[in-house]
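Side-chain atoms are counted along with the backbone in the values below, which use heavy atoms only and exclude waters and symmetry mates.
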Amino acid sequence: RKLEPLCADPPVYLVRNFLSARELEHLDALITSRRAAFKQSVTDDAGGKKISSAERTSFSLHLPKAADTTLRAIEAREPSARPGWSTMGS
């Protein structure tokens, strides 16, 4: 797999075909089944207290690490876990 640099600062890379169609379907099913668990993003106020903000409109969902065989397979391909991955390709 080849990492395609998109931005140097911060470093952002594109990995084409990182997920298979089956993996995408699996992630979609996980996300759909946990839709109620999504939490609105928050920010800190001047005192460090977490607050909702009209400017922050994103939501997030935590998937436990290595929760199933599909997630473990995806995590095993994560670039920093693979010393052979580089921006030069493989």
Side-chain angles (χ1 to χ4, degrees):
R1 289 197 163 92
K2 182 179 179 183
L3 297 178
E4 297 178 36
L6 297 180
C7 182
D9 189 24
V12 177
Y13 298 91
L14 170 66
V15 182
R16 294 188 188 276
N17 303 309
F18 184 75
L19 298 172
S20 70
R22 186 185 64 76
E23 291 167 336
L24 287 168
E25 290 171 5
H26 181 75
L27 288 171
D28 184 53
L30 283 174
I31 291 165
T32 300
S33 69
R34 297 177 179 177
R35 191 172 305 268
F38 273 84
K39 301 208 184 309
Q40 184 174 8
S41 296
V42 295
T43 190
D44 294 343
D45 67 9
K49 179 181 169 193
K50 303 260 185 239
I51 58 168
S52 293
S53 168
E55 291 82 25
R56 298 286 306 256
T57 59
S58 62
F59 287 78
S60 64
L61 172 70
H62 173 74
L63 294 175
K65 191 165 180 68
D68 61 39
T69 56
T70 301
L71 292 178
R72 283 191 294 276
I74 294 168
E75 292 161 2
R77 287 195 311 270
E78 193 273 321
S80 66
R82 300 278 310 257
W85 286 44
S86 73
T87 56
M88 303 306 284
S90 59

About how many Å separate CG of Leu14 and CG of Leu6, when rounded to the nearest 0.5 Å? 5.5 Å
Out of curiosity, His26 NE2 to Thr69 OG1, how far, rounded to the nearest 0.5 Å? 7.0 Å
Side-chain heavy-atom pair Lys50, Asp44 within 4.5 angstrom cut-off: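 Result yes, sub-4.5 Å side-chain heavy-atom pair found.
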Is the closest side-chain heavy-atom distance between Arg77 and Leu19 below 4.5 Å?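 Side chain of Arg77 against side chain of Leu19, heavy atoms only: contact under 4.5 Å found.
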For a quick test of reading the model, state the closest non-hydrogen atom pair linking Pro5 to Leu3 and the distance between them.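 Closest heavy-atom pair between Pro5 and Leu3: CD-O, 3.5 Å.
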Minimum-distance pair of heavy atoms, taken over all atoms of Ala73 and Glu23: CB-OE2, 4.4 Å
Determine, using the 4.5 Å side-chain heavy-atom cutoff (strictly less than), whether Val12 and Val15 are members of one ILVMFWY cluster.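 No.
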Quick one: do Phe59 and Val42 end up in the same hydrophobic cluster if we chain Ile, Leu, Val, Met, Phe, Trp and Tyr together by side-chain heavy atoms under 4.5 Å apart? no
Pairs of donor and acceptor atoms involving the side chains of residues 28-37, under 3.5 Å and at least two apart or interchain, shall be tabulated with distances.
residue	atom	partner	partner atom	Å
Thr32	OG1	Asp28	O	2.8
Ser33	OG	Ala29	O	3.2
Ser33	OG	Leu30	O	2.9

Has Glu75 got a side-chain atom pairing as donor or acceptor with Ala66's backbone, closer than 3.5 angstrom? yes
